[in-house]
Amino acid sequence: VQALGEVNPLRVGLRRPASPLPCIAVIFGATGDLGKRKLYPALYNLALQRLLPSGFTVVGFSRQDLGDEEFRRRVRASIDEFSRSRPVDPNVWESFEKGLFYVSGDFTEGPRYDALARRLDEIDHERATGGNRLYYLATPPSFFPSIIEGLGAAGLGRVPALAEGAHGWTRVVVEKPFGRDLQSARELNEVLHKVYDEDQIYRIDHYLGKETVQNILVFRFGNGMFEPIWNRNYIDNVQITVAESIGVEGRGGYYEEAGALRDMVENHMMQLLSLVGMEPPVGFDATAIRDEKAKVVRSIRAIPTDAVGQLTVRGQYGPGSVAGEAIPGYREESGVDPKSSVETFVALKLAIDNWRWAGVPFYLRHGKALPRQATEIAVTFKEPPQGLFSEITGEAPEANVLVLRIQPDEGIELKFAAKVPGAVVQLREVQMDFLYGTSFGLQSPDAYETLLLDCMLGDSALFTRSDEVEAAWSLFTQILQGWQAEAKTALPTYAAGSWGPKAADELIARDGRRWRRP
Amino acid sequence: MTSQSRLELLATWTEDPTTARAIATALDALWLEAAAARHRVDGSQSQSPGIMRSGVLTLLAYATTPQACRRALGVMNDLTDIHPGRSILLNSQPDASPAGLGAVLTAYRQAGGTACCDQVQLSGRGDAAAHLAGVASWLSRRELPVLLWWLAEPSLDDPQFTRLAGVSDVVIVDSATLSSPLSQIQQLARFEARAGGRPGLADLNWDRLLEWRELTAQFFDAQPVRGCLEALASVGIAFTADPRGSALSAQALLLAGWLASCLNWEPEAASRSSGQTRVRLRRDHQGQVDLLLREVAGHGVAGSVVRIDLKCTGEAQTTSFVVAAAPRHGTTTAVIQGGRPVKRGFQFERPSDVRLLAEEIEALGVDCALPRALAAAAQIAELIDDLPQAARQTPK
């Protein structure tokens, strides 16, 4: 009770995540695919788990001319179709839908933001949301600057420190892609910082909301046995693979603008790399974790334009088949230029120039239309200093490999050598396997549920900071420029259903290694 | 979380009478046999990981009736699917003959997975019943936590309870089974205080209050509303009447104890009339809080809390907070200074034993709120218990 001002005494010892303060979530691009597939189902599921407070409100903002009722009907339909908990509970829905409102307007029209501000004030009063606002930019990135400027001009930006108690908090969530290159990322950061402070900005990367990705931190820093060997003295190389078995499947238009590097490597794979490579944070808080992540990204050695050809490989899938099903070539997909030179496969060799990782190559590989879907981080350890058994068996045992499987079959696998029972000394590789599904028979929350809740609670640990984004773009912009310089060279292709272009195998073979087959 | 077990049977073994050593040997043999069978199926060249025994705990379930044994087995199967480990059913039959120990061993594999686990059903008849704790200790997985789920009415006078608690890291009881909640809540509080966390005490009835605590706490998350906690003047807790005739519910006492411990309220006086108990509590800074515990007719499990009303006074306009639950759904209602009621509907289902035990396994008996709530509930219970039957004091 003494701490009434700071802590709710009834929360002490509650085995439940804290629920956020009442707030209004304004979704820009409310009628779009992201809202339909991810955001509304995630918010509904949070409501179902009683993790949203009374008075929680969603205001949809989009160009389509809809009323509140039609918006509610659409949100209900999206939950019916995409929620992990179905059918919709009528009792929970009844309260949830009372908090759904809609404001229509063009993202570039200033007066609509004034109208939005007035509506938000009304709702604040009606639903006691205390002035707490979350603005979610779920639109194509070309609208981000207009929306941010519109919010700023309508007084919906940063809250003066003195007025914070009276006006609650304001946060803005920015979806990926965050820029197309270093310059555009910097420009977007500048636009954001004119209206919001950095601690109000939540750059979302849904990979960080995945349980298995968060488990990397627990695995590394919650166990005493791994961290002492997590360095150049014991680790030979790290391979990060994000393999997709599907092609672009109707997203040709988007993919033509993005490509594999922007779509997956610059964001999701860099998150995996930074979590694997970071130093132990001084605390489990947003600043400490993001400091270390940004540091490791900054430590990645830049790839000069003229070295892009030696350290990177890109490819584009041609016709083929995956799991017995025919897949058309990328250039035959709808929305794709028949002469497109956009990459659907990327392989990279990165070096991290710090004491922990000096000399340990990080191989990254991502592609579409590969033989199977697999996201994993494979840490290969160095061989024992003495080949004790190779003299007896005539062959050296394979190196130990620790695999952090992100999806599917989420878990951790350790490969090591064991003696085959019998009179003769014979070694065989065996696996120790930890499967999330069998050790915890619990359903994991969707990544968006985790991240939306964190944002409402003001925990930015799983969101990307501006310096980290810019450090990543600094690296990848040079690669993009290198590729542009060699654009006249024919893009290597690979058959759908294969593990990528031959050049990718050559990239790693030059170091005397080979890619894992996950 | 599953409600139906997804376990595949790998092998079984039965012996009666038997010994702890014989059971341990049989368990090892059972796994060797299961692994050999797997190799025969997979072939000698297989790279499959073979049999992989998983374990995060040993769960002991103590039961004394056939119904309790059936309940325990059902829950243990489902639970093993979520938290693999060794589960041991201890069926105590001190009055049965001939005296001796019977055992049924079963090895399982999670369907679709590779992780395997085992279950031991022990029946201790006659004198052997007194040795169940020793057998359980012999068979518990090394270096893994041992959780005792006590399916009978917990009694500190029962030597079996003391013995089994002595070999466990966490003792899980269900205070809903208490036939005399006023005195037995005090007993449990004494046990918890004496044990000091070794073993830890968990109570499924307390766990069932989690949603009530969460929903009540949510009212006061917003800073401007939090001040209302200091102005609370009355608390009403309604619970379903117990057909056995107990006038108070352990769950209602625990909920009251929780509020009192969180908000530093000290019980001062109590009175009882038919179906209602009034307790006056003193706030630590100033003023008092009137607590009304009342039983209501209705559906649901006897003794279950169905409504909590919190009211502030001292203001011209009403400020109140209500959580009310029906069997499947509930509503929270907040009225701040006479404003429009803010209502919210929620799903409300009595959590299954499997879910509650799974949560206890995850927490391993660590619950800093329970000891304090239990101690405060015991204080309230003592005050009510001390009331002379004839003289009924009305708090001023």
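No hydrogens, no waters, no symmetry mates; every other heavy atom, side chains included, goes into these values. In what follows, chains carry the letters A, B, and so on, assigned in the order in which the sequence lines appear, proteins first and then strands, with residues in each chain numbered from 1.
- Interface summary for chain B: among A/V92, A/N91, A/D89, the most heavy-atom pairs under 4.5 angstrom belong to A/N91.
- Ionic pairing of B/E360 and A/R15 is present here: one or more N-O contacts between side-chain nitrogen and carboxylate oxygen are shorter than 4.0 angstrom.
- Of the listed residues B/V342, B/D207, B/T331, B/D367, the one with more heavy-atom pairs under 4.5 angstrom with chain A than any other is B/D367.
- For A/P22, the part sitting under 4.5 Å from any heavy atom of chain B is the side chain, from C-beta outward, and nothing else.
- A/R171 has no carboxylate O lying under 4.0 Å from a charged side-chain N of A/D459, or vice versa, which leaves the two without a salt bridge.
- Under the 4.0 Å criterion applied to side-chain N and carboxylate O atoms, B/R208 and B/D353 are assigned as salt-bridge partners.
- Both the backbone and the side chain of A/E126 come within contact range of chain B, with heavy atoms under 4.5 Å apart.
- For chain A, the nearby part of B/T332 is the side chain; its heavy atoms alone come within less than 4.5 Å.
- A/F96 and A/F56 have parallel rings, their planes meeting at less than 30° on a 0 to 90° scale where 60° marks the start of perpendicular.
- At a 4.5 Å heavy-atom cutoff, B/L370 makes no contact with chain A through either its backbone or its side chain.
- Looking at A/L14, both its backbone and its side chain come within 4.5 Å of chain B, counting heavy atoms on both sides.
- Qualifying side-chain hydrogen bond (donor to acceptor under 3.5 Å, both in side chains) partners for A/N215, counting only residues two or more places apart in sequence or in other chains: A/Y436.
- Residues passing the side-chain hydrogen bond (donor to acceptor under 3.5 Å, both in side chains) test with B/R350: none are found, sequence neighbours excluded.
- There is no contact between B/R283 and chain A, counting heavy-atom distances below 4.5 Å.
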